[in-house]
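Written below as structure tokens is the structure these notes are about.
Here is the naming used below: chain letters follow the sequence lines, and residue numbers restart at 1 for every chain.
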Amino acid sequence: MEQSLKIYNTLTRRKETFEPINLPHVGLYVCGPTVYSDVHLGNVRSFLSFDVVYRYLRFLGYKVRYVRNITDVGHLVDDADSGEDKIAEKARLEALEPMEIVQKYTIGFHDVMRIFNILPPSVEPTATGHIIEQIEMVKKILGKGYAYEVNGSVYFDVRKFNADFPYGKLSGRNIDELQANTRALDGQSEKRDALDFAIWKKAEPSHIMRWPSPWGDGFPGWHLECSAMSTKYLGEEFDIHGGGMDLKFPHHECEIAQNVGASGKSGPRIWMHGNMLTVNGRKMSKSEGNGFTPEELITGNHKLLEQGYSPMTVRFFMLQCHYASTLDFSNDALRAAEKGYARLTEAIENLDKAQASDTSDIDVDKLRQSCRAAMDDDFNTPVLISVLFEAAKTANQVQSGRRKATEKDITALKKIFEDYAFEVLGFRREESAAEGDSSLTPGLMDLVLNLRKAAKLNKDFSTADQIRDRLNALGIHIKDTPEGTEYKIN
RNA sequence: GGUCACGUGGCCGAGUGGCUAGGCAGAGGUCUGCAAAACCUCGUACAGCGGUUCGAAUCCGCUCGUGACCUCCA
């Protein structure tokens with residue numbers, strides 16, 4: 001398989017030609033959600049970005065094992081000494097078992113993924129399901145001397161590690177700068193050094209989520225699960241690790257340290273970081289409280305939203321921006337995306353009505369190559385979309401008879417949309433209200449449109465226009481074409 | 001304060017040394033009873049100031065502005 005896929009590697013800060021370690025297999029790990037609250041749109045963007053990565057790798061013919069974890073042990077709320085984690089806290093607030101919280105939000109997360117047509121990963125491991133693997137990893141790191149135990153907790157020894165391997169490579173930091181900028185922790189830390197981080201944490205008696213370990217009852221540290229689970233399912237060395245930009249430091253940096261500390265191997269060759277979704281220029285985040293849930297976006301039921309937008313409109317909107325750039329959320333941009341997406345899908349539908357000719361004056365191969373080139377260039381979805389618009393224009397020209405295409409070319413053009421719009425970009429034909437709503441609809445529409453046709457033949461245009469306007473008000477748009485009147489129900 | 005990004009036409013957003021992405025909005029036109037849709041034509045934009053170069057939105061420097069990370073976060 002000869003490929004020319006280039007991926008921007010955050011670790012080397014360069015675009016690199018993608019060469020899988022074990023052709024035709026590709027290992028892809030992406031940091032998943034922490035399931036203690038509803039996912040918001042910013043989270044969706046990240047998973048969407050890697051959904052397209054996954055889809056394209058598969059499209060290229062790779063056998064991809066895509067691992068995306070569920071973090072169901074909450075990260076600590078305050079600092080390492082508080083002993084309270086978010087899932088435990090939420091459980092207390094809602095008077096539920098921690099696993100009830102986890103269950104509830106995991107289901108919610110999966111629903112959201114489905115709504116946006118984000119494919120499920122090949123493996124979706126949970127942190128609580130891999131306590132043993134995490135304990136084993138802690139043991140290994142201890143065995144190598146890169147961690148120490150204090151009072152039932154185990155901390156990663158960053159300075160010791162840094163003496164042997166560079167710490168901070170991914171995020172471009174060096175530990176002296178970090179040291180200088182570490183704020184003073186409240187209370188006395190057990191850590192020997194402020195830079196150290198917990199890989200196993202002792203559970204206070206009140207802590208609900210706890211497991212026995214060689215160091216007493218406790219729970220795994222913040223960053224350990226990804227190291228343990230990526231190693232388990234993808235090996236000590238694998239191809240790609242993805243996640244949001246905000247995880248680069250400290251989370252991913254710690255992951256690398258843990259991997260190297262345990263096995264001597266650093267894990268992924270390529271790090272990919274998706275950028276943030278912003279609202280009025282500010283990062284959408286849980287703590288800022290400026291997030292939208294997918295429901296709010298779809299229904300438009302939010303004070304910052306002027307209307308609702310369909311999931312595929314949102315998908316299109318997000319993919320019109322490169323994954324590594326910040327994307328600012330605005331009503332104007334969403335509305336523009338809605339129209340653009342409608343134009344694209346209509347062109348695709350219109351292609352079914354195109355008449356084939358004996359000759360062709362369209363260049364389908366070139367379009368296809370442009371699609372490929374766009375995606376090969378670090379998954380450049382905005383450029384791919386621009387090519388799809390060219391293809392849409394071509395389709396419309398053929399459909400309207402302005403340009404000619406053979407049956408073969410029409411089929412090839414359809415295939416481009418099939419492959420790139422649906423398979424790679426993951427758009428999904430949205431079920432129109434026409435189907436399923438009522439089996440009476442076609443008959444009724446036939447009746448109404450025939451009445452209008454009769455009115456038109458009688459030059460009774462006011463009646464004809466009234467019918468059109470009234471239908472419009474009901475959300476039914478009609479369009480007179482040489483072949484007759486078409487209708488579309490929103 | 002440290003580290004790192006970014007600043008593109010009315011809006012969103014690609015590009016990153018010469019070959020003027022794309023979408024939305026806007027103007028004119030073709031078609032149509034009128035619309036709608038589609039198609040055709042139209043915008044010479046790259047924060048500011050210097051520098052390098054035959055040539056810079058693209059490289060370098062400075063200034064201004066915005067943001068992210070440094071603490072849980074996709």
Every protein N/O within reach of nucleotides 63-66 of chain B N/O, cut-off under 3.5 Å:
none

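- Counting only Watson-Crick or G-U wobble pairs whose defining distances are both under 3.5 Å, the stems of 3 or more consecutive pairs in RNA chain B are B:1-7 with B:64-70, B:10-12 with B:22-24, B:26-30 with B:38-42, B:47-51 with B:59-63.
- Evaluation of the ring pair (Phe, Tyr, Trp, His ring centres under 6.0 Å) test over residues 330-353 of chain A, restricted to residues two or more places apart or in two chains, returns A:Phe316-A:Tyr341, A:Tyr341-A:Phe427.
- Residues passing the side-chain contact (heavy atoms from CB on, under 4.5 Å) test with A:Asp409, sequence neighbours excluded: A:Ser360, A:Ile362, A:Val364, A:Ala405, A:Thr406.
- Taking 3.5 Å as the limit, the base of B:C4 and the side chain of A:Lys248 contain no donor-acceptor pair of atoms between them.
- Scored by the salt bridge (Lys or Arg N to Asp or Glu O under 4.0 Å) test, A:Arg114 finds A:Asp111 as partners (sequence neighbours excluded).
- The phosphate of B:A38 (OP1 or OP2) has no side-chain N or O of A:Asn396 nearer than 4.0 angstrom.
- Of the residues in residues 313-325 of chain A, those placing a heavy atom less than 4.0 Å from an atom of RNA chain B are A:Gln320, A:Cys321, A:His322, A:Ser325, in numerical order.
- Legend: residues meeting side-chain contact (heavy atoms from CB on, under 4.5 Å) with A:Thr481, ordered by chain and number and at least two apart, are A:Lys479, A:Glu483, A:Glu486.
- Note on residues 239-250 of chain A: pairs passing salt bridge (Lys or Arg N to Asp or Glu O under 4.0 Å), not counting sequence neighbours, are A:Asp246-A:Lys283.
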Give me, pair by pair, the N or O atoms of the protein and of nucleotides 25-32 of chain B that are less than 3.5 Å apart, along with how far apart they are.
from  : atom 1 : to       : atom 2 : distance (Å)
B:A25 : OP1    : A:Lys339 : NZ     : 2.8

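- With hydrogens and angles left out, the side chain of A:Asn380 and the base of B:G15 share no donor-acceptor pair within 3.5 Å.
- Side-chain atoms of A:Arg468 come within donor-acceptor range of the base of B:A35, with a qualifying N/O pair under 3.5 Å.
- Between A:Asp193 and A:Arg159 there is a salt bridge, since a side-chain N of the basic residue sits under 4.0 Å from a carboxylate O of the acidic one.
- Partners of A:Arg335 by side-chain contact (heavy atoms from CB on, under 4.5 Å), not counting sequence neighbours, listed by chain and number: A:Glu306, A:Gln307, A:Tyr309, A:Asn331, A:Asp332, A:Glu338.
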Report, one line per pair, each donor and acceptor closer than 3.5 Å where one atom sits in a side chain of residues 448-459 of chain A; sequence neighbours left out.
from     : atom 1 : to       : atom 2 : distance (Å)
A:Asn450 : ND2    : A:Asp446 : O      : 3.2
A:Arg452 : NE     : A:Ala464 : O      : 3.0
A:Arg452 : NH1    : A:Asp480 : OD1    : 3.1
A:Arg452 : NH2    : A:Asp480 : OD2    : 3.1
A:Lys456 : NZ     : A:Asp480 : OD2    : 3.2
A:Asn458 : ND2    : A:Ala454 : O      : 3.4

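- At least one side-chain nitrogen or oxygen of A:Arg343 sits closer than 4.0 Å to the OP1 or OP2 atom of B:G23.
- Each of A:Thr394 and A:Pro382 was matched to the nucleotide of RNA chain B holding its nearest heavy atom; the match closer to the 5' end belongs to A:Pro382.
- In this structure, A:Arg282 has no salt bridge (Lys or Arg N to Asp or Glu O under 4.0 Å) partners at least two apart in sequence or on a different chain.
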